[in-house]
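This report refers to the structure that appears directly beneath it.
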Amino acid sequence: MNVDWGESRMPNMTLEKVKMPEQDPNIRNKNFLEVTLGYTEEQAIEEAKRCLNCKNKPCVQGCPVNVNIPDFIQLVSEGKFEEAYQKVKQTNSLPAICGRVCPQESQCEHFCVRAKKGESVAIGRLERYVADKYMSDIALKPEKQQTNNKKVAVIGSGPAGLTCAGDLAKMGYEVTVFEAFHAPGGVLMYGIPEFRLPKALVQKEIDMLKFLGVDIKTNMVIGKVFSLDELFQQGYEAIFVGTGAGLPSFLGIPGENLNGVYSANEFLTRVNLMKAYKFPDCDTPVRVGKSVAVVGGGNVAMDAARCAKRLGAEKVYIIYRRSETEMPARIEEVHHAREEGIIFKLLTNPTRIVGTEDGWVKGIECTEMELGEPDSSGRRRPVAKPGSEHIVDVETVVIAIGQSPNPLIKSTTPDLETQKWGGIIADEETGATSIPGVYAGGDTVTGAATVILAMGAGKKAAKAIDEYIKGKSK
Amino acid sequence: MFKILKKEVLNTSVKLMEIEAPHIAKKAEPGQFIILRVNENGERIPLTIADYDREKGTVTIIFQEVGKTTRLLGQLNEGDLLLDFVGPLGVASHFEGLKKVAVIGGGLGTAIAYPQAKKLYNMGVEVDSIIGFRNKDLIILEKEMQAASSRLFVTTDDGSNGTKGFVTDILKKLIEEGNNYDLVIAIGPLIMMKIVSNLTKNYGIKTVVSMNPVMIDGTGMCGGCRITVGGRVKFACVDGPDFDGHEVDFDEAMRRQAMYKAEEKKSEEQHECRLGGIKNA
Ligand SMILES: Cc1cc2nc3c(=O)[nH]c(=O)nc-3n(C[C@H](O)[C@H](O)[C@H](O)COP(=O)(O)OP(=O)(O)OC[C@H]3O[C@@H](n4cnc5c(N)ncnc54)[C@H](O)[C@@H]3O)c2cc1C
Ligand SMILES: Cc1cc2nc3c(=O)[nH]c(=O)nc-3n(C[C@H](O)[C@H](O)[C@H](O)COP(=O)(O)OP(=O)(O)OC[C@H]3O[C@@H](n4cnc5c(N)ncnc54)[C@H](O)[C@@H]3O)c2cc1C
Ligand code: SF4
Ligand code: SF4
Ligand code: FES
């Protein structure tokens, strides 16, 4: 590349990231519009100039799909946005989404040299910028590839399934995606709320796949309507299972079946997929009391808490039994949640949900915790402080302590080997499972993880499926 | 989209529809259900597969108009399309090794019990069916149940048709008369299933009930349909909807079913005002 090292290429040595405009916390906590508004062109170029274009590219190693970060940022700084987009797209199928939801602080940005002194380059924000710009500029049109007349079935339309389907379609396969819900997108659609990931954007990614010729069949619960064997009989030569980790965990404490206790899945599905925030214009209701307790410390908990606030709850608590440093949520979400007025009760463990006589939640009993000695894994385990039991008055409790893979497919496919906790056993490099021709990836293999890891798994599996089918026909 | 091929009015508030859904028809078994959505802003509601025709590729649903969605559905006609129709969900009923069974349907529960009675009867099992309604105008599927039973008993709460009284009165009498049932299947309002279960427990007769908690996905993903059976939490959509009546915590289930009463009313009121105050019977 012929780089112009003239004056315009002097790096911007400002210690902090260019701030991204966002809605005021006290306004946004009453609406479902996107919180962060994205960079302007000038801001993007200014931020891009903070990148030192390091030769050894430490940031790239931090990205699970190895986006070529310095090169794309270079293009941004030159104002070559479409080229920058194509550069990102070489390894990342869903840049507009990853730019918004990747835990950058523990991935790409964690390794950025600029973070040694000051803030890292805002890699995620730049990725989002180029993707948004590209998506708003292009008009979608069919670009069906030359077909090779070979059929592949993809089960589940989350990031893993969508990526696998897209890559296979580009290689010429006739891909059918089977989705249990009435809308494709997986967690991107039913879990992550509109104010963090606009659904129109997810829809656009899905439309792009359709234009590539991918056939998406909704309302298809595989394992019920068709078994994997039946899919093979229908002529699909390989199957990718990307069914996610949808089975909600509960705490197993008394009172969990009281009215007003939700799993985060139910709460978020009602709000996002069924649009309960538009009730009664949309028919599905959700019950949010004046005070809400959300149990958990991950992205799911933050999303539930922030939805509850937006639905009018006056007090919303996050109840988490460890301290803030152990919280698995993205730092940005924790920060945004605090700004929006979410109350954090850390080192607090729920022990019982208290109900009224007619069976409604009226409080949650908690014990305060302190961090004890490090255990064998090096993590300091929380231990209960004696005599610290207290009741927090709430009318709604949302349990957001994790999900595991849904056993539906396993239960109708006895040959499919799974871990004890339900995860499908699959080769890390190829996604190959115990059944020839069946591949798996994403949360259904790893347990609840991230969008980018699911996407990466879909990509690897697409490559492996291509090799498998080619090998078969030799 | 899923086409309504046939519509029939069974009584003032109960309708039957045959829906074109070949994939589901091919796999459906008694005891299973579907989830449908009428239109884009609509709710997902579960309905039992009342019948299916594998050749024709159709699934029959029978529903009572109790709220906004079921009323909206009731207003559709033959040829109209449903936006979403997913299934077959839930575990099919198990009927191995049975000789004599009592099938009890309470009100609309008769529609849910019908496919089970039919399957048992066709397997050569002796089936005594007892169906109960509040009054004679509400009786549904009498002819169909007749054809699917060795003996059929009809009760009405007010005696306007059949025997006056409750289904449990007949069941008790039949048991007392020495009928040895291997199994009692009871489907209807929670309170009816509770009373039947209490009765059969005294006689030590295995009893299966069909639970219908509020559902969303129907695939085990939301946990909204959870009920307590034998002290353990079960998801009715994937572990059921059939459960051992002697183990179910009916009181909790009744409480949970009332969870959205206020919202359901609001949703329906809004619907009615849009329709200019049409009120279905
Ligand atoms: C509320 C929430 C917030 C999150 N926030 C973040 C974040 O900020 N950043 C981040 O990186 N990650 C986040 N995650 C995690 C991330 O969304 C997941 O790791 C990712 O979506 C997993 O992708 P997947 O394709 O494996 O599965 P999913 O996205 O779960 O998709 C699986 C799909 O398969 C369908 N399916 C399941 N069973 C069947 C079947 N039998 N037949 C047909 N279809 C079936 C499901 O309906 C679903 O659509 C969040 C998760 C949640 C729930
Ligand atoms: C597995 C299963 C099978 C069912 N089979 C049938 C059937 O064959 N025929 C039939 O008429 N009904 C059946 N039901 C009940 C039916 O789903 C509800 O009547 C319907 O959802 C009511 O929707 P609505 O908007 O018209 O009424 P709403 O205004 O929403 O509610 C009116 C009443 O229905 C109950 N209800 C509301 N939502 C649900 C829900 N998602 N699930 C269960 N009950 C609910 C409420 O508690 C309330 O009492 C079944 C339910 C389940 C779970
Ligand atoms: S995909 Fe995620 S981890 Fe990779 S560069 Fe983009 S934001 Fe960073
Ligand atoms: S480490 Fe940081 S400064 Fe260096 S190339 Fe990567 S983003 Fe740019
Ligand atoms: S309906 Fe969601 S888990 Fe049963």
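Labels below follow one simple rule: chain letters A, B, ... track the order of the sequence lines, proteins then strands, and each chain is numbered from 1.
The contact between A:Asn257 and chain B is made by backbone and side chain atoms together, counting heavy-atom distances below 4.5 Å. Looking at A:Val261, the atoms closer than 4.5 Å to chain B (heavy atoms on both sides) sit in the backbone and in the side chain alike. Interface residue A:Leu247: backbone and side-chain heavy atoms are both found under 4.5 Å from chain B.
At least one side-chain heavy atom of B:Phe235 sits under 4.5 Å from a side-chain heavy atom of A:Pro248. In this structure the side chain of A:Leu258 reaches within 4.5 angstrom of the side chain of B:Arg255, judged on heavy atoms. Taking 4.5 Å as the limit, every side-chain heavy atom of B:Glu43 sits out of range of all side-chain heavy atoms of A:Phe279.
Most heavy-atom pairs under 4.5 Å with chain B, from the set A:Ser263, A:Gly244, A:Gly359: that is A:Gly359. Of the listed residues A:Asn259, A:Asn265, A:Val221, the one with more heavy-atom pairs under 4.5 angstrom with chain B than any other is A:Asn259. When each of A:Phe267, A:Tyr190, A:Phe250 is checked for heavy-atom pairs under 4.5 Å with chain B, A:Phe250 comes out on top.
Classification of B:Lys27 and A:Glu230 as a salt-bridged pair holds, one side-chain N sitting under 4.0 Å from a carboxylate O.
For the atom pair CG of A:Asn219 and NE2 of B:His23, the computed distance is 11.0 Å after rounding to the nearest 0.5 Å. Put simply, NZ on B:Lys26 and CZ on A:Phe226 are 7.0 Å apart, with the number rounded to the nearest 0.5 Å. A distance of 7.0 Å separates CZ of B:Arg44 from CG of A:Leu273, quoted to the nearest 0.5 Å.
Pairing each heavy atom of A:Asn406 with each of B:Thr219, the nearest pair is ND2-O, 2.7 Å.
Remark: B:Glu29 pairs with B:Arg54, B:Lys119 by the side-chain hydrogen bond (donor to acceptor under 3.5 Å, both in side chains) rule, at least two apart or across chains.
Sorted by first and then second residue, the salt bridge (charged side-chain N to carboxylate O under 4.0 Å, His left out) pairs involving residues 402-414 of chain A (not counting sequence neighbours) form an empty list.
The stretch residues 211-218 of chain B places B:Val214, B:Ile216, B:Asp217 near chain A, each with some heavy atom under 4.5 Å from a heavy atom of that chain. Contact annotation for residues 79-92 of chain B against chain A (heavy-atom separation below 4.5 Å, listed by residue number): B:Leu83, B:Asp84, B:Phe85, B:Val86, B:Gly87, B:Pro88, B:Leu89, B:Gly90, B:Val91.
With a 6.0 Å radius and a threshold of 12 heavy atoms from other residues, nucleotides or ligands, B:Lys3 has its NZ atom at or below the threshold.
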